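Quick notes on the structure that follows.
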Amino acid sequence: MAHLSRDVTPLRTGVALEVTTSHPAPECNSTRAAFCLHPWSWLGGSMYDPTVQTIVRSLKDNDFYVVYYNSRGVGKSTGWPSFTGKVEGSDLKELVHEFLEEHPQINSVTFIGYSHGSLIVTLHPVLPQHIKTSYVLLSYPLSPRGLLTMFNTKMYSSALTWLLRDAGVSLLVIYGDQDDFTSHSKYKAWTELLKKTEGAKAQLEIASVAKAGHFWHTESSRATLKRTLESWLMKVTAD
């Protein structure tokens, strides 16, 4: 049976983050890990967000190590949240580095970002070749991206382009066709551009969920999200 560990973890970036890790049962011999990032802290986002918790439960049920945490300035995490997301990207890199040092058996890592968290995960570089690296961008905040990042839109679009050009990357984009902030037509146009990225080599999959909004409030939308995510993960993280 999986067990949880909770800690306030000091990082070399100068902050300490409130981190929860779900450890699969030892007999599972799990080699897969996932890092889950929550929505924008300036609007109350935290690791206890209901959609984040839906994802966490799904990952736990499938015997992943699951790391989810409060970003700087949230809950027991120290420091102040930034307006650009750059330092949050650095925090994630340090957290991943420490986790992998403690769990050398890991051969698959998936970064799952919800809303603002999906911006931050794109800042994490692809891991060494012996570790499969996957990314899930859930409800990517396309329309408000400039406002959420102090107009550092180019930094995030460039980071995503680099991921798409890496043959070792698997990338899933999931959005609701009734998103509260980005229209279906805008998402559709954007995802078509992603598919046509010059030099793209990554395995890219797009999933539009009917009647789902940005917050995934309904039971049916969360059930579809869970099925879509689990099906994709089993495919791209298989040994």
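The basis for the numbers below is simple: all heavy atoms, side chains too, and nothing from hydrogens, waters or symmetry mates. Residues: numbered from 1 along the sequence shown. Since the model is a prediction, treat every value here as computed from it, not as a measurement.
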Output yes when a side-chain donor or acceptor of S158 lies under 3.5 Å from a complementary backbone atom of M155, and no otherwise.
no

Return yes if some donor-acceptor pair links the side-chain N/O of T218 with the main-chain N/O of S221 below 3.5 Å, else return no.
yes

Using atom types as modelled and distance alone, determine if a side-chain donor or acceptor of S183 lies under 3.5 Å from a backbone N or O of K186.
yes

Going by heavy atoms in the side chains, are R165 and K201 under 4.5 Å from each other?
no

Expected output: side-chain T182 to main-chain P141 donor-acceptor under 3.5 Å
no

So which heavy atom on W42 is nearest to which on P81, and how close?
CZ2-O, 3.5 Å

Quick one: do D91 and T13 satisfy side-chain hydrogen bond (donor to acceptor under 3.5 Å, both in side chains)? Show the steps, please.
CA-CA 6 Å; D91 292 343; T13 53; 2.7 Å; yes

Which heavy-atom pair separates W80 from R72 by the least distance, and what is that distance?
O-CD, 3.1 Å

So do V173 and S118 actually touch side chain to side chain, heavy atoms under 4.5 Å?
no

Can a donor-acceptor pair be found between the side chains of D177 and S208 at a distance below 3.5 Å?
no

Geometric class of the Y175/H184 ring pair [parallel <30°, tilted 30-60°, perpendicular >60°]:
tilted

Scanning both residues in full, the closest heavy-atom pair of G85 with I120 reads O-CD1, 3.6 Å

Rounded at 0.5 Å granularity, tell me how far CG in L204 sits from CG in L172.
8.5 Å

What's the verdict on ring-ring contact (aromatic ring centres under 6.0 Å, His included) for Y69 and F35, showing C-alpha distance, side-chain angles and the deciding distance?
CA-CA 9 Å; Y69 63 96; F35 291 78; 7.7 Å; no

Minimum heavy-atom distance C36-V56, with the two atoms named
SG-CG2, 4.3 Å

Among the clusters formed by ILVMFWY side chains lying less than 4.5 Å apart, do F111 and M234 turn up in the same one?
no

In this structure, which one of S46, P39, S41 forms a side chain to side chain contact (heavy atoms under 4.5 Å, CB included) with S71?
S41

Indicate the ring-plane relationship of W40 and F83, choosing parallel, tilted or perpendicular according to the 30° and 60° boundaries.
perpendicular

Can you find a pair of side-chain heavy atoms, one from V136 and one from V121, that are under 4.5 Å apart?
no

Give the intermediate values and the outcome of side-chain hydrogen bond (donor to acceptor under 3.5 Å, both in side chains) for residues T9 and E98.
CA-CA 10 Å; T9 304; E98 290 191 10; 5.7 Å; no

Between OG1 on residue T21 and CG on residue L4, distance to nearest 0.5 Å
8.5 Å

Okay, side chain of T224, backbone of V209: is any donor-acceptor separation there less than 3.5 Å?
no

Report yes or no: does D180 contribute a side-chain atom to a donor-acceptor pair with the main-chain N or O of H214 at less than 3.5 Å?
yes

What's the spacing between E205 CD and T228 OG1 if we round to 0.5 Å?
8.5 Å

4.5 Å side-chain heavy-atom contact, W216 and L138
yes

Is the shortest distance from a Lys or Arg side-chain nitrogen in E219 or R222 to a carboxylate oxygen in the other one below 4.0 Å?
no

Atom CZ in R57, atom CG in N62: separation rounded to 0.5 Å?
13.5 Å

For residues 13-33, pull every pair meeting salt bridge (charged side-chain N to carboxylate O under 4.0 Å, His left out), keeping only residues two or more places apart or in separate chains.
none

Which atom pair, heavy atoms only, marks the closest approach of S82 to E88?
OG-OE1, 2.6 Å

Under the 3.5 angstrom rule, does the side chain of T149 hit a backbone N or O of R145 as a donor-acceptor pair?
yes

Does any part of the side chain of V8, heavy atoms only, come nearer than 4.5 Å to the side chain of V19, both counted from C-beta?
no

Rounded to the nearest 0.5 Å, how far does OG of S108 lie from NZ of K132?
6.5 Å

Is there side-chain contact between S139 and D179, with heavy atoms separated by less than 4.5 Å?
yes

Please check if the side chain of S115 supplies one atom and the backbone of G117 the other of a donor-acceptor pair under 3.5 Å.
no

Within the 6.0 Å centroid threshold, strictly below: H103 and Y65
yes

Go through the steps to decide whether Y135 and V169 satisfy the test side chain to side chain contact (heavy atoms under 4.5 Å, CB included), and finish with yes or no.
CA-CA 8 Å; Y135 298 81; V169 166; 3.9 Å; yes

Considering residues, nucleotides and ligands other than W190, do more than 12 of their heavy atoms fall under 6.0 Å from its CH2?
yes

CD/E198: more than 12 non-hydrogen atoms of other groups inside 6.0 Å:
no

Quick one, L100 and V109 - any side-chain contact, counting heavy atoms below 4.5 Å?
yes

Lys/Arg N to Asp/Glu carboxylate O, E230 vs K226, below 4.0 Å
yes

Of all heavy-atom pairs between T197 and L194, which one has the smallest distance, and what is that distance?
OG1-O, 2.8 Å

Decide yes or no for F215 and T51: does some side-chain heavy atom of the first lie under 4.5 Å from some side-chain heavy atom of the second?
no

Starting from the C-alpha separation in whole Å, work towards a yes-or-no answer on side-chain hydrogen bond (donor to acceptor under 3.5 Å, both in side chains) for N107 and T31.
CA-CA 6 Å; N107 63 20; T31 58; 3.2 Å; yes

Within a reach of under 6.0 Å around CD of E192, are more than 12 heavy atoms found that belong to other residues, nucleotides or ligands?
yes

Among all residues two or more places apart in sequence or in another chain, which pass the salt bridge (charged side-chain N to carboxylate O under 4.0 Å, His left out) test with E101?
none

Test your reading of the model: is there a side-chain donor-acceptor pair from Y156 to the backbone of G146, 3.5 Å cut-off?
no

Distance col, row K93:NZ vs L11:CG, nearest 0.5 angstrom, shows 13.5 Å

